[in-house]
Amino acid sequence: MPDPVGKLPSELDQLPDRDAEETAEWAASLDAVTEHAGPHRAAYLMRRTLQHAERGGVPVPALLETDYVNTIPTAAEPAFDGDEAMETRIAGWNRWNAAAMVTRGSRLGVGGHIATFASAAWLYETGFNHFFRGKEGDGSGDQLYIQGHASPGIYARAFLDGRLTEDHLDNFRQEAGGKGLPSYPHPRRLPWLWEFPTVSMGLGPLSAIYQARFNRYLTNRGIKDTSASHVWAFLGDGEMDEPESTAALALAAREGLDNLTFVINCNLQRLDGPVRANFKIVQELESQFRGAGWNVVKSLWGSAWDELFALDTTGALVRRLREVPDAQFQTYATRDVAYIREHFFGAEPALAELAKLLTDAKIDECFHSSRGGHEARKVYAAYRAALAHKGAPTVVLAQTVKGYTLGTGFESRNANHQMKKLSGDQFRTMRDLLGLPIPDSKLNDELVPYGHPGADSPEVRYLQERRAELGGPAPARRVHAVALPEPSEKAFQSVYKGSGKQSVATTMAFVRLVKDLMRDKETGRRWVPIVPDEARTFGMEALFPSAGIYSPLGQTYDPVDRDQIMYYKEAKDGQILNEGITEAGSMADFIAAATSYATHGETMIPFYIFYSMFGWQRTGDQMWQLADQLGKGFIVGATAGRTTLTGEGLQHADGHSHLLAATNPASLNYDPAFAYEIAVIVKDGLRRMYGPEAEDVFYYLTVYNEPMPQPAMPEGVEEGIVKGLYRFKEGVPAKADSPRLQLLASGTAIHWVLAAQELLAAEWGVTADVWSATSWGELRRDALEADEALLRGEQRTPYVTQALDGAPGPVLAVSDWMRQVPDQISQWVEQDYSSLGTDGFGLSDTREAARRHFGVDAHSITVAALAQLARRGEVPASAVKEARERYGL
C-alpha cells in the first residue's frame, strides 16, 4: 500500500506487517518527537536506536554515515603505551629534516614535497613507534605502503636511526652518482629500504588489498603462515579519486581481510586545491567504505575540541561541523579568530552563545591546529581499534592540516603542494614551534642545517629500542631468495616432440606445458596461475578440478557442473586465482606473487594469462610498478596479434602490445611461433628468474588462438630461440642464380611466410630462407648493449647482425603486429630491410579477410618480396604487376 503522505512506495510495502497497529504507534511516536523536539532530535533518536539494534545483533542495515566527530570518544581511548614527550621530540627532528632536505635540494631545482609529510607525521610516527612489525622478528613483518609524497619524512627517520647519512639526504632526487635517494618509494632504486612502489597514485591501495589477500593465500595453501603480518596502506584523500583506489574495496570486505588497514590522510587538499570544495570528503569516504563492508574509524578532532563538544548541549556544534563544506573549513584554518566567530559560530544563536564561553586562544587552537591526525594519542587509539576489529578490513580517516608546523605561509594553502622550500625566517618559526635546539647562527636562507640529537641521545636510543621490540627497522626490504631446483625435463620433452598431425594453438600449448610443470614434485606448488575470468577461453578449465580455484571459504555450494570431469572447483587451498573481470586486480595479484620471494622469503612462480589487448594497453602502469618492485614471473598475452581473433573486432585486436612492452626495461618480450619455442623460452625463463644467479626481470609471451600443426624442434636451435632469431627453413634454389631473399617472421606470421616461401619458389623462381624471430625486443636489447660497448671502447657485433651475416638478398620482416615492432632491429640489419605489419585499427572478419586487408597474407608477402627484388634489379618490374593481378591485390 502506498505511503499515506504521498511518498513513493518502498520495498517495505512488499513485506507482511504482522502488527500494523504497533507499526503505526512507532510512526506516531516519531512524528511527535519531530513536532515537539524538532527533526534533529528525531534523527538522533533514530540513529541511537539503529546503533543499539546493531550492537544487539538485530539484522538492520548499518548507517553509511555518522556524525562529523571521532569514532572513539576521548573517555574510551586506551592508555598510551609510550613516552609521549619523547616521541614528540623525535617527530620534531623528523619534521625538521624532511623540510631541510627538500629545501636544500631546491637549490638545484630537483623538487620535492614538504606539505604532505608535515600533515601526516604522526600517522607514521605512531605506527613506527608502536605498531609496524619489522622483518627481524618472527614471520615476515608488516607490509607498509607509504604515501609517495611523504618519502622525505621516511628518509628523515632513517637518518635519525642511523640508516642514512647527511650525504644521503643531500643527494635526495640525485641518483646518477649512485648514492642518491629516489624521489618516491622505488625498490629498484633503493632495494634495501623500499618494498612497494606507490606512485603512480591509486596503485598503492589496489596493491595493498591484493597483498593482504595473497598473504591469506600463502597461509591457506600451506606455503607460509602469514597470520602475524598486517598490511598498512597510507593514502591521501585526493588519491581516493583514482579508480584503482576503490576498485577492490568489496573484495577486501567480502574475504574478511582484517589483516589490512587503510590510513587516509584527510588534509582536505589535493594537488591544486580542495578535494571536495563544496562537500565533505571524510563523509563521502565513510559512506563508500561502510557501503563496501569496511570498518571505519574516524579520527578528526584533537583534544582541544573536547571542551567545545562538552559545551554543545543542543547538538548545534555537531550539526555545523557536518554542514560546513571542506573548502570553507580550510579557509577557517587560515583566518583570524574574529572571522571564525562571525562565519562559523554566527551561523545560529546556539553556536553564538557557545562561542561566548570560549577564549580566542581556544578557538585559535581548535581551528588552526587541533586535529585527530596531529595527536599521538588519537592516532594510537585509532590504530588499536583497527587491529582489534575482526572479520573486516579497517579504514582510518584521520583529519590533518596540510603543511602543519610549516607556518602560516604553508598551512592549508592551495599551492602548498608545489612549494619546495622554506626561508630562514620560516625555519626559525618552525624551530620555535617544535622546540628544537638549533641556534640562530646556523639558520639562513642559503643552507639550512640538518638536525640530529646525537647517535647516543635519549631520542635515538628510544627510537631504536621501540623498533627492536617490534622486530627491527622499517620500512625495510629483505631478500632471502633460495634458488628453485630445475623442474623435470619430462614436461619440456613432450612439447619438443611436436603435435604430429594434430592442430594445436600456441595458447593451448603453453597451458598444457604449465599444467605439466605444476605436477613437478619440487616446484609444482610454487606456480600461481592467474586469470581474469576467461580461463575457458584459454583452455585452462582442465586445471579447475586438479589445482582448484582459490577461495577463503572453500566451496559452500554444489556446483552446477559437478558431474563433469572439468567441474568448477573452489577450494580454500586452491592454486588458481580466478579474479573475475578485473585485469587491474589480476595484475595486482601477479605483483604480490611475483615479489613474494622478498616480501615473505617464499619464491613463487606466477603466470598471468589474459587477452593480449587488455594487458599492456590497460594495465601497463602496473607492469611498470612490477618492474620497480623487482617482480618475476610470466605474463602471457593470449589471443595475440591483430588478425588471429576472428570476429571480435577493433577493441580486441592487439597489434601493438609488443611495442608497449618494449618500453619496460625489465620485461623480456617473446613472440614464439611454435610450441617448442615456448618450452625453450619458459625453461630459460625459469633459469634466469629463479636459478642460482636470479635476475630481476619478468617475461612477456604472446600466444595465439589459431590451431596449427606444431612441428618437432629442430636440432641446435635453442640458443637462437632464446636470443631471438634462428633460421627455421632454408630455401632450396631451383638453380644456382635464383634470386634470393630472407623472410623473418614472428608468432603466427611464420605460417603466412612459409606459404609465401612456397609461392615464390613454385611460381616465381625465387628462393627464400625463413627465419623465426622469437623476440624482436631481445634482438634490439642485445644490439643496444653492443652499441653501448662501443662507447666504452669494446668491439662487439650485435647478435642479429651475426645471425644474418652472409645471408643473400634483402630482408623482409613480417608479423601480426605494427611494423614498428619488427622495425626495432632494422638499423642493425646490414641487408636491405623492409617490413610488413598490421598497422591501423583491427576489424571484425575472418582471419583470411583480415590478413588480406592488412596486406600480410601469403599473396601479399609474395608481392612485397618481388617488389624488393625488383628494386634491386633481380626480378623484372613486370613480375610485380603480374603478381598483383594474379593474386587479386
- Phe367: which of Val337, Thr334, Ile340 passes side chain to side chain contact (heavy atoms under 4.5 Å, CB included): Ile340

Pairs involving [range], ordered by first then second residue, that meet salt bridge (Lys or Arg N to Asp or Glu O under 4.0 Å) (sequence neighbours left out):
range: residues 203-213; result: Arg213-Glu255, Arg213-Glu579, Arg213-Asp589
range: residues 115-133; result: Glu125-Arg157
range: residues 36-49; result: Arg47-Asp67

- Task: Side-chain contact test, heavy atoms from C-beta onward, threshold under 4.5 Å: evaluate it for Phe279 versus Pro325 and give yes or no.
- Result: no

- Can you tell if the side chain of Ser200 reaches within under 4.5 Å of the side chain of Asp621, non-hydrogen atoms only? yes

- Do Tyr184 and Arg173 have side-chain atoms, one donor and one acceptor, less than 3.5 Å apart?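 Yes, because at least one side-chain N or O of Tyr184 sits under 3.5 Å from a partner of the opposite role on Arg173.
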
Could you pull out all residues at least two apart from [X] that satisfy salt bridge (Lys or Arg N to Asp or Glu O under 4.0 Å)?
X: Lys390; answer: none
X: Arg290; answer: Glu286
X: Arg335; answer: none
X: Asp241; answer: Arg270, Arg276

[X]: what forms a side-chain hydrogen bond (donor to acceptor under 3.5 Å, both in side chains) with it, not counting sequence neighbours?
X: Thr71; answer: none
X: Thr49; answer: none
X: Asp628; answer: His186
X: Thr126; answer: none

- List for me each residue that meets ring pair (Phe, Tyr, Trp, His ring centres under 6.0 Å) alongside Phe132, sequence neighbours excluded, and say none if there are none. Phe128, Trp232, Phe234

- Task: Work out which heavy atom in Gly82 is nearest to a heavy atom in Glu87; give both atom names and the distance.
- Result: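 So the two residues come closest at CA-OE2, 3.9 Å.
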
- Asn215 and Ser229: which non-hydrogen atoms are nearest, and at how many Å?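 Minimum heavy-atom contact is ND2-CB, 4.1 Å.
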
- Below 4.0 angstrom, N of the basic side chain to O of the carboxylate: do Arg377 and Glu77 qualify? no

- Query: Are Asp237 and Lys280 close enough for a salt bridge, meaning some N to O gap below 4.0 Å?
  - Reply: no

- Could you walk me through whether Tyr124 and Val263 pass the side chain to side chain contact (heavy atoms under 4.5 Å, CB included) check? CA-CA 10 Å; Tyr124 292 106; Val263 181; over 6 Å; no

- Task: Measure the acute angle between the ring planes of Trp294 and Phe262, then classify it against the limits of 30° and 60° as parallel, tilted or perpendicular.
- Result: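 Correct class here is tilted.
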
- How are the rings of Phe344 and Phe329 set relative to one another: parallel (under 30°), tilted (30 to 60°) or perpendicular (over 60°)? perpendicular

- Taking Thr116 for its side chain and His149 for its backbone only, find out whether a donor-acceptor pair lies under 3.5 Å.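 Judged by distance alone, no pair lies under 3.5 Å.
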
